[in-house]
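Please read these numbers as outputs of a predicted model, since none were measured by experiment. A note on names: the letters A, B, ... follow the listed sequences, proteins ahead of strands, and every chain is numbered from 1.
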Amino acid sequence: MTDQKDIEKLEASARRIRAHILTQINAAGSGHPGGSMSCVEILAALFSHRAAAGANWFGRNARDHVILSKGHAAPALYATFAEVGMIPEAELLTLRQLGSRLQGHPDRTRLPEVEMSTGSLGQGLSVSLGIALALKLRNEPFYSYAILGDGEINSGQIWEAIAYAGTHKVNRLVAILDANGIQNDGRIEEVLELRPYAPKLEAFGWAVREFDGQNMAEVVDAVDWASSDAPGDKPRFLIAHTTKGAGVSFMSDRADWHSHTISDEQLKAGLKEVMG
Amino acid sequence: MAATPTNAPEGFVSLRDVFGDAIMALGARDPRILMLDADLASSTRTMKFKKTYPDRHYNFGIAEQNMVGAAAGFAISGYIPFVNTFASFLSRRACDQIAVSVAYPKLNVKFFGFHGGINLGEDGATQQAVEDLAIMQGIPGIRCYAPIDGNDLARVMNEVAEVEGPTYVRLSRFPSPLVTPPVASETERAAAFRVLTEGKDLLVFTTSTLAAKVIEAANALKTEGIGIRVLGITRLKPLGNEIAAEVKAFAGKSIAVVEEHSIHGGLADGLSALLDGAGIAHRIERIGVPDRFGESGHPDALLEAFGLAGAPLRARLKATAKR
């Protein structure tokens, strides 16, 4: 169990990440607030807690690897980078502008801190799988994490990767599902229902854990479990039950905030809510 | 079906057998090289590699999209994955993964499309690929090759193993005669173009193992007094700028492209773009697969039926020369 003080630090970190997300999308005039806000605790737990990332973290060869497969949550990734000192905070305001390193969806050729270019949904888990296989080939004690959306797992390629990792016991692979229950056009159950997730994933040979994805202590605990020997030789799947637009009441659990502008008034109200 | 000996006529070579030998040599030279298959390892001749380097061979099952994504992960981790499956399944099924997970992030992944063109024969349209080069050439940043014989493939293998970045190599299924000299050294690369026959009446560009059929036609037409200069093109993207000078030297005479590929998006389009860019006026007779899929049949019969070999090809080239 992580110390309560450390959890509080991470919670403060998550608040700042949320504020950065709102500020970025307001400045850009477009973006995906809903799915960015729902994965904040996951990113904070990975970068601030598990990886203890800092300015030079990414330059290290021997380290964990994190792919934001749900690339439309790019503002959350950039905000996390700024929070841990990997990119300057001022750069966040360049999001989506011509020539910016902060592309609408992450681009590793422009911003090397991005592990993988994503945005065409369904592709990141396979890339994380390849990295996990490389970690096993080199016998390195690190993990390869992929953050997925619950709309994203509509894609058949995700299930190809799930089948492979289960068959070949790729236990350096950790998939984290940001299960906010809403995809672009509506609720999961209205578009493509794949729940219940756990029995399906267990049948594919994965070790599965479900938890409240907005509860920092629970997220940290789950990430620690997935990054340990406890699940044995199985790949690990974390189902984080989250809320789309978490942290801001008028965005919360609403499909129309999947892709949305943030007005100056909404920014003001939103910042007040997330920073308290 | 384990690596069965290819039932090839004397002097004919199967590209995949050359591939199978080349990856053994490259694999010994460079421990970063990995083989990735999609349940077609017996067709792609990687079984020997797998036996020698069991840790460096991965079979992803019939799941090409996942295979391409995993290749990206290996490349990020410093490995050089060779991704092997039929040209049709690779280019069509995994197109978006090749574009977004490999080409866009400029990763060092080597794609090998087996059974390109229609010379796979009897298996028919679904396993043939008449559009693979159009798809792969259309994706930014991928170097594309269609070796013209086994010796040429050996040079291409040297080249793709050495150059950084994504590459696509199209291999033909049907064994073909050797029409280029043996590879001279481990460092020899593919030529920008290769003169396959000499002649002054018509300039013909061709690519892939179809080159042998074009040479055959050119030799036959020589006896009728029609001289054809046949240039074999191995690297389709980027095309060597030297090629423009060859066309310039033929100013006022006819040019044809003969390719076992759709007339859209293949060598003819690439050549046309190169000549447009160089400001060289041209009219290219496009001898390729029209806007249609392939079908079942013996490879030689199919190539003739599509006008890419034998009498139909000779007639087309003759008409073009006299244009």
Looking at [X], I'd like to know if its [atom1] atom is crowded, meaning that more than 12 non-hydrogen atoms belonging to other residues, nucleotides or ligands lie closer than 6.0 Å.
| X | atom1 | result |
| --- | --- | --- |
| Lys200(A) | NZ | yes |
| Ile62(B) | CD1 | no |
| Glu122(B) | CD | yes |
| Arg50(A) | CZ | yes |

**Report entry** Under 4.5 Å from a heavy atom of chain A, the part of Leu36(B) involved
**Finding:**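 Neither part; nothing is under 4.5 Å.
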
Query raised in the report: Non-hydrogen atoms of chain B under 4.5 Å away: do they reach the side chain of Thr109(A), the backbone, both or neither?
Result: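 Answer is side chain: those atoms of Thr109(A) sit under 4.5 Å from chain B.
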
Indicate every side-chain donor-acceptor pair of residues 119-127 of chain A with a distance under 3.5 Å to a residue at least two apart or in another chain.
from, atom 1, to, atom 2, distance (Å)
Ser120(A), OG, Gln123(A), NE2, 3.3
Ser120(A), OG, Asp96(B), OD2, 2.4
Gln123(A), OE1, Ser101(B), OG, 2.6
Gln123(A), NE2, Asp96(B), OD2, 2.9
Ser126(A), OG, Gln157(A), NE2, 3.0
Ser126(A), OG, Asn66(B), OD1, 2.6

**Report entry** Within residues 62-76 of chain A, residues adjacent to chain B where the heavy-atom gap is under 4.5 Å
**Finding:**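 Within residues 62-76 of chain A, no residue comes under 4.5 Å from chain B.
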
Report task. May I ask you to name which of Arg110(A), Lys136(A), Arg138(A), Glu115(A) has the most heavy-atom pairs under 4.5 Å with chain B? Result ->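 That would be Arg138(A).
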
Distance from [X] atom [atom1] to [Y] atom [atom2], nearest 0.5 Å?
| X | Y | atom1 | atom2 | result |
| --- | --- | --- | --- | --- |
| Ile158(A) | Gln65(B) | CD1 | CD | 10.5 Å |
| Met67(B) | Glu160(A) | CE | CD | 9.5 Å |
| Arg32(B) | Leu137(A) | CZ | CG | 13.5 Å |

Query raised in the report: Taking the side chain as C-beta and beyond, is there a heavy-atom pair between Tyr79(B) and Leu133(A) under 4.5 Å?
Result: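 No, their side chains stay 4.5 Å or more apart.
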
Which heavy atom in [X] sits nearest to a heavy atom in [Y], and how many Å separate them?
| X | Y | result |
| --- | --- | --- |
| His168(A) | Asn59(B) | NE2-O, 4.2 Å |
| Ile76(B) | Met116(A) | CD1-SD, 3.6 Å |
| Phe74(B) | Ala134(A) | CE2-N, 3.8 Å |

